[in-house]
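See structure below.
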Amino acid sequence: MSQWSQVQQLEIKFLEQVDQFYDDNFPMEIRHLLAQWIESQDWEAAANNEAMAMILLQNLIIQVDEQLDRVSQEKNLLLIHNLKRVRKLLQGKYHGNPMHIAVIISNCLREERRILAAASMPVQGPLEKSLQNSVVSERQRNVEHKVSAIKNSAQVGFLSWLLTMTSQNDKNSALIKQEMLALQAMLNTLDYKRKEVLSKIGRVIHEIDMLMSNMLTEELLDWKRRQQIACIGGPLHGGLDQLQNCFTLLAESLFQVRRQLEKLDELLIRLTYDGDPIPVQRPQLLEKVNFLLYNLFRNSFVVERQPCMPTHPQRPMVLKTLIQFTVKLRLLIKLPELNYQIRVKATIDKNVSTVSNRRFVLCGTHVKAMNMDESANGSLSVEFRHLQPKEMKTSAGSKGNEGPHMVTEELHSISFETQVCLYGLTINLETSSLPVVMISNVSQLPNAWASIIWYNLSTNDPQNLSFFNNPPAATLSQLLEVLSWQFSSYVGRGLNSEHNSTFNFQAAQLKEEGIKVTLNCDVIFLP
């Protein structure tokens with residue numbers, strides 16, 4: 001099946017993209033009528049070879065003439081009119097510059113292939129669609145076309161003039177002066193186009209930076225807060241697949257910009273001159289792109305499912321010593337090149353000053369590779385299923401249980417670290433679970449769970465291990481809300497208005513008497 005036949009079978013949203021790059025410079029009628037012939041020619045090579053481009057242009061006009069004869073016999077007035085107009089356009093506009101039509105057709109075919117590849121990718125979420133339809137993608141394509149135009153026209157033309165000038169020393173001074181003026185004009189054009197390309201690349205990088213700093217960061221923080229609430233019985237959270245699509249799209253865009261900057265470096269090898277903007281601006285742009293990639297990857301490494309004992313699925317972040325727990329991590333940048341290439345190591349209380357004298361180590365398989373095969377949705381993730389926390393003994397042979405807080409108020413952190421090596425970049429990644437409480441006896445579970453509820457209800461700080469040094473007061477409305485979530489988790493429905501009224505009445509009485517309200521032996525202060 002020809003490429004054009006595949007294009008015609010696309011959904012309307014992709015056909016609209018195809019329609020955007022076919023205009024009077026290369027009418028869609030010709031693309032449709034001469035589809036197989038156009039796809040069988042090497043337009044990319046012709047864009048760099050004027051003689052080959054002239055031959056293809058003449059053959060293209062012959063093909064149009066043959067189609068004109070055919071539709072004349074069929075007496076198709078509309079097609080006759082359009083083909084005559086196209087023939088006149090080809091003869092008049094491109095006869096003196098055949099490489100121009102070769103560049104145009106080559107770009108159109110390349111854009112078709114890009115859209116076909118995009119159409120074969122998985123369905124995107126709404127946030128990704130807004131990103132992909134944004135000005136970033138459009139400007140990205142413009143940058144590609146502009147760089148291609150420089151390499152295929154201005155740069156080639158300038159080099160040919162340079163070679164001509166060095167080999168024709170026998171010309172008279174008047175002719176040399178005229179050619180020097182033409183050479184200067186070409187140099188001015190080249191300088192202008194190089195500055196224009198660098199400016200467009202800079203704007204693309206700025207747009208990506210704004211998307212990352214504003215919308216994407218806000219979405220990620222919102223997801224993390226929803227995850228906290230869901231862990232203590234709140235509404236189920238979602239949206240991680242949409243975030244993954246956005247992170248992946250931005251990473252691909254940044255790597256594409258990086259490749260464009262490498263192409264500019266190739267231009268320097270071919271030709272440079274005094275005042276050339278590429279040696280000055282390219283290193284700064286490349287540094288900015290690398291900085292954005294580092295930040296994007298670091299933010300993309302998240303704990304998808306917080307630590308939880310399989311025996312107590314409704315009590316995440318409460319872990320018992322010598323009992324296995326599970327935890328799942330995901331890299332939101334889903335690139336096939338990273339499958340089975342990223343090894344994640346799990347540790348506990350790494351580089352963290354805890355308020356506990358107790359120290360723990362993780363037993364079991366604490367190093368695993370991320371892959372796309374184990375997840376149902378094909379995400380790049382890793383799940384640790386056989387980790388066990390073990391309390392370390394002191395040098396005297398006894399356990400250090402003495403500390404400023406009760407065991408159930410001691411917060412610990414499980415950290416995960418890895419390294420990404422991709423396209424010449426080496427990026428160290430690290431993330432941590434929400435604070436966990438370590439218990440040694442099941443009887444401590446209610447108090448430990450109350451601490452987890454209090455922490456995640458009161459703060460969105462993911463690593464405040466000193467939270468219980470000075471815990472904030474919880475309001476009655478917060479208490480009622482979390483109690484409703486707990487009832488819903490166990491019996492399938494939350495508190496109703498009658499329950500709330502009863503709690504409000506009893507809380508008011510206790511407040512008048514100066515009594516503190518307690519939940520599972522942990523104190524929650526009324527305002």
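Numbering starts at 1 and runs along the sequence shown.
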Exercise for the section: Heavy atoms only: give me the nearest V64-L83 pair and the separation to one decimal. Expected result: CG1-O, 4.0 Å

Problem - Verdict with supporting geometry, S379 and Q244, side chain to side chain donor-acceptor pair (under 3.5 Å) - result: CA-CA 8 Å; S379 61; Q244 174 182 280; 4.6 Å; no

Exercise for the section: Answer yes or no: is there a donor N or O on one side and an acceptor on the other, between the side chain of T248 and the main chain of L332, under 3.5 Å? Expected result: yes

Exercise for the section: Could you tell me which non-hydrogen atom of Q3 sits nearest to which non-hydrogen atom of E112, and how far apart they are? Expected result: NE2-OE1, 2.8 Å

Exercise for the section: Spell out, as yes or no, whether a donor-acceptor pair under 3.5 Å connects the side chain of E50 to the backbone of P98. Expected result: no

Problem - Modelled atom types, side-chain donor and acceptor of N214 and E218, under 3.5 Å - result: no

Handout entry: Heavy-atom side-chain proximity of V302 to T431 below 4.5 angstrom
Key = no

Handout entry: Check against side-chain contact (heavy atoms from CB on, under 4.5 Å), V197 and L264
Key = CA-CA 9 Å; V197 169; L264 290 181; 4.0 Å; yes

Practice task
Output yes when a side-chain donor or acceptor of T272 lies under 3.5 Å from a complementary backbone atom of L268, and no otherwise.
Solution key: no

Handout entry: Close side-chain approach of R87 and I61, heavy atoms under 4.5 Å
Key = yes

Handout entry: Student check: side-chain heavy atoms of L78 and N76 closer than 4.5 Å
Key = yes

Practice task
Flag the pair V327 / E304 as yes when at least one side-chain heavy-atom distance between them is below 4.5 Å, and no otherwise.
Solution key: no

Problem - Sidechain-backbone polar pair: S213 side chain, D209 backbone, donor-acceptor under 3.5 Å - result: yes

Problem - Any L296 side-chain heavy atom under 4.5 Å of M212 side chain - result: yes

Practice task
Could you walk me through whether N188 and Q184 pass side chain to side chain donor-acceptor pair (under 3.5 Å), step by step?
Solution key: CA-CA 6 Å; N188 292 340; Q184 184 62 50; 3.0 Å; yes

Exercise for the section: Could you tell me whether E430 and R298 make a salt bridge, using a distance below 4.0 angstrom between a side-chain N and a carboxylate O? Expected result: no

Handout entry: Neighbour count >12 (heavy atoms, 6.0 Å) for atom OH, Y340
Key = yes

Problem - Spacing of S106 atom OG and R110 atom CZ [to the nearest 0.5 Å] - result: 4.5 Å

Exercise for the section: Looking only at non-hydrogen atoms, find the nearest pair between W4 and A35 and report the distance. Expected result: CB-CB, 3.7 Å

Exercise for the section: Taking the six-membered ring for Trp and the full ring for Phe, Tyr or His, determine whether the centres of F297 and F301 are under 6.0 Å apart. Expected result: no

Practice task
Answer yes or no: is there a donor N or O on one side and an acceptor on the other, between the side chain of R385 and the main chain of Q324, under 3.5 Å?
Solution key: no

Exercise for the section: Tell me, with the steps shown, if S381 and S375 meet side chain to side chain donor-acceptor pair (under 3.5 Å). Expected result: CA-CA 7 Å; S381 59; S375 295; 2.5 Å; yes

Problem - Heavy-atom side-chain contact between I333 and L380 under 4.5 Å - result: no

Handout entry: Straight-line distance of M54 CE to N97 CG, nearest 0.5 Å
Key = 9.0 Å

Handout entry: Result of checking K224, R225, R226 against D222 for salt bridge (charged side-chain N to carboxylate O under 4.0 Å, His left out)
Key = R226

Handout entry: S432 versus V303, closest heavy-atom pair with distance
Key = O-CG2, 3.6 Å

Exercise for the section: With rounding to the nearest 0.5 Å, note down the distance linking CD in Q228 to CG in L434. Expected result: 5.0 Å

Problem - Carboxylate-amine/guanidinium contact D276 R282, below 4.0 Å - result: no

Practice task
Could you tell me whether the side chain of Q58 and the main chain of A53 form a donor-acceptor pair under 3.5 Å?
Solution key: no

Problem - Heavy-atom closest pair, residues L56 and A46 - result: CD1-CB, 3.6 Å

Handout entry: Test salt bridge (charged side-chain N to carboxylate O under 4.0 Å, His left out) applied to R31 and E39, step by step
Key = CA-CA 9 Å; R31 178 69 181 96; E39 292 171 24; 2.8 Å; yes

Handout entry: L216 side chain near L211 side chain, heavy-atom distance below 4.5 Å
Key = no

Practice task
Answer yes or no: are there more than 12 heavy-atom neighbours, outside K84 itself, under 6.0 Å from its atom NZ?
Solution key: no

Problem - Residues, nucleotides or ligands: over 12 heavy atoms within 6.0 Å of E287 CD - result: no

Problem - Side chain W37, main chain N59, donor-acceptor under 3.5 Å - result: no

Exercise for the section: Answer yes or no: is there a side-chain heavy-atom contact under 4.5 Å between L331 and M370? Expected result: yes

Practice task
Please answer whether the main-chain N or O of S433 pairs with a side-chain N or O of Q463 as donor and acceptor at a distance below 3.5 Å.
Solution key: yes

Practice task
Please lay out, stage by stage, how R70 and D65 fare under the test salt bridge (charged side-chain N to carboxylate O under 4.0 Å, His left out).
Solution key: CA-CA 9 Å; R70 181 181 63 80; D65 286 338; over 6 Å; no

Practice task
Find the distance between CG (L254) and NZ (K288) and round it off to the nearest 0.5 Å.
Solution key: 10.5 Å

Completion exercise
Heavy-atom closest pair (A346 atom, L387 atom, distance to 0.1 Å) is CB-CD1, 4.1 Å

Handout entry: Carboxylate-amine/guanidinium contact R203 E207, below 4.0 Å
Key = no

Handout entry: Polar side-chain atom of K368 near backbone of E383 as donor-acceptor pair, under 3.5 Å
Key = yes

Practice task
Measure from the side-chain N and O atoms of K334 to the backbone N and O of G378, and report whether any donor-acceptor pair falls under 3.5 Å.
Solution key: yes

